[in-house]
Amino acid sequence: MTVVDLSLAVPPESSHQLDQMLELLNPDERAHSTRFRRDEDRRTFITAHALTRLGLSRHHPGISPNEWTFKKGPWGRPEPTNPGIGELRANLSHTREMAAFVVADAVEVGVDVEYVTPDDWIYETIDTVLSTDECTSLLRLDEESRRERFFLYWTLKESYIKARGLGISLPLTKISFAGSNSEGVVLDIEPGVDDNPTGWQFALFHPSPTVRGAVAARTGELDLQSSWPTLR
Ligand SMILES: CC(C)(COP(=O)(O)OP(=O)(O)OC[C@H]1O[C@@H](n2cnc3c(N)ncnc32)[C@H](O)[C@@H]1OP(=O)(O)O)[C@@H](O)C(=O)NCCC(=O)NCCS
């Protein structure tokens, strides 16, 4: 069975802990961390990249966290390039108050965490982000459930497009999620997205009262199911 490792971290308040994380990063990452206007974003970035390096070294104990090297794929996804790691696949995500990282061998994986904002701008985006079926399901719900559902669709979609590594070149409205406790999350893909939806597995997680997350992995062998909401 394929193992997908997920790790999560809350950015530390203590500057000492943050400095320890900073020491794991390479010069480019350190330089990048100085460019954030908001200190909160800087702390999350440092945490996510330290988490990535620690997670990779847990997977490959022969390589120290600060020895990892990366190159960017055509759509910007950083890929580890150290010799001897085989077909290692990894992905990170950061949002307000949380960083997440996934790693697996020879399996496409993606992760997304999102802060559940109380703002209403999210509803202005639904036509450009959700499929017709998802919009219909969402609009049937009351206000609180609707917001929760929006972030559920959002994290699932992001985890999928991040696993594919193709970024927003994929048409979000043609990628659709449904599901229930008994069947898990089901991916449906309309013409226009070049992929076979079978074989994908998704896991949802709820790491804090304000953050939601999802993991996508292209493997038919992985049992990621825990507790699934009904998405109809
Ligand atoms: C590039 C993209 C991955 C950014 O996603 P995001 O949700 O803003 O940010 P996340 O924190 O989850 O992920 C960012 C990390 O993903 C990685 N990444 C960058 N390009 C990537 C790609 N093409 N595929 C997968 N991962 C990518 C990087 O490690 C990046 O972190 P870093 O810049 O600190 O190195 C892309 O999916 C995007 O622009 N998404 C927004 C599209 C949208 O409108 N979504 C609406 C809801 S579906």
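Just so you know, residue 1 is the first one in the sequence shown, and it goes up from there. We count ligands from 1, going down the list as the structure has it; atoms in each ligand are counted the same way.
Counting heavy atoms under 4.0 Å from ligand 1, residue R164 does not touch it at all. Under 4.0 Å from ligand 1, the heavy atoms of P78 that appear belong solely to its side chain. Counting heavy atoms closer than 4.0 Å to ligand 1, residue F45 contributes side-chain atoms (C-beta onward) but none from N, CA, C or O. By the criterion of a heavy-atom distance under 4.0 Å, the side chain of V129, and not its backbone, is placed next to ligand 1. With a 4.0 Å cut-off on non-hydrogen atoms, N91 touches ligand 1 through its side chain and not its backbone.
Distance check on atom 8 (O) of ligand 1: every protein heavy atom falls at or beyond the 4.0 Å cut-off. Atom 4 (C) of ligand 1 is not flagged as protein-proximal [any protein heavy atom, distance under 4.0 Å]. Within the 4.0 Å cut-off (strictly below), a protein heavy atom is located near atom 42 (C) of ligand 1. Not a single protein heavy atom sits closer than 4.0 Å to atom 1 (C) of ligand 1.
Among protein heavy atoms, the minimum distance from atom 39 (O) of ligand 1 is reached at I168 CG2, 3.9 Å. Ranking the protein heavy atoms by distance from atom 32 (P) of ligand 1 puts H49 NE2, 3.6 Å first. Protein heavy atom in closest approach to atom 44 (O) of ligand 1: L172 CD1, 4.0 Å. Nearest protein neighbour of atom 19 (C) of ligand 1, counting heavy atoms only, is G76 O, 3.3 Å. Scanning all protein heavy atoms for the shortest distance to atom 23 (N) of ligand 1 gives W75 O, 2.8 Å. When only non-hydrogen protein atoms are considered, atom 30 (C) of ligand 1 lies nearest to L92 CD1, 4.3 Å.
With atom 11 (O) of ligand 1 as the reference point, the heavy atom nearest to it among H94, K72, K157, E79 is part of H94. Closest heavy-atom approach to atom 14 (C) of ligand 1 among the candidates K162, E158, H32, R77: K162.
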> Step by step, would you call L130 with L138 a side-chain contact (heavy atoms from CB on, under 4.5 Å)?
Replying inline: CA-CA 9 Å; L130 303 187; L138 185 107; 4.3 Å; yes
>> Evaluate R96 against D41 for salt bridge (Lys or Arg N to Asp or Glu O under 4.0 Å), listing each step before the verdict.
In response: CA-CA 7 Å; R96 196 170 156 189; D41 295 336; over 6 Å; no
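Ring pair F202/F177: centre-to-centre distance below 6.0 Å.
Annotation for ligand 1: atoms under 4.0 Å from non-hydrogen atoms of E114 are 7 (O). Below 4.0 Å from some heavy atom of D112 lie the following atoms of ligand 1, by number and element: 7 (O), 12 (O). The distance from ligand 1 to the heavy atoms of I161 drops below 4.0 Å at these ligand atoms: 37 (O). The ligand atoms of ligand 1 that sit less than 4.0 angstrom from a heavy atom of G167 are 23 (N).
At a cut-off of 3.5 Å, with distance as the only test, a side-chain donor of N196 or T198 sits close to an acceptor on the other residue. Under 3.5 Å, the side chains of R147 and T117 contain no donor-acceptor pair of N or O atoms. T81 and T69 form a side-chain donor-acceptor contact under 3.5 Å, judged by distance and modelled atom types alone. No hydrogens or angles considered: a donor-acceptor pair under 3.5 Å links the side chains of T210 and E97. Between the side chains of N26 and H49, no donor-acceptor pair of N or O atoms lies under 3.5 Å.
By the 4.0 Å heavy-atom criterion, G165 is counted among the residues contacting ligand 1.
Both the sub-6.0 Å distance and the 45° axial angle are not jointly satisfied by R42 relative to the ring of F36.
In E144, the CD atom is not crowded: 12 or fewer heavy atoms of neighbouring residues, nucleotides or ligands sit closer than 6.0 Å. Counting heavy-atom neighbours within 6.0 Å of D194 CG, excluding the residue itself, gives a total of 12 or less.
Comment: R218 engages E108 in a salt bridge, judged by a side-chain N to carboxylate O separation of less than 4.0 angstrom.
Inter-residue side-chain proximity for L56 and F101 is flagged as met; some heavy-atom pair is nearer than 4.5 Å.
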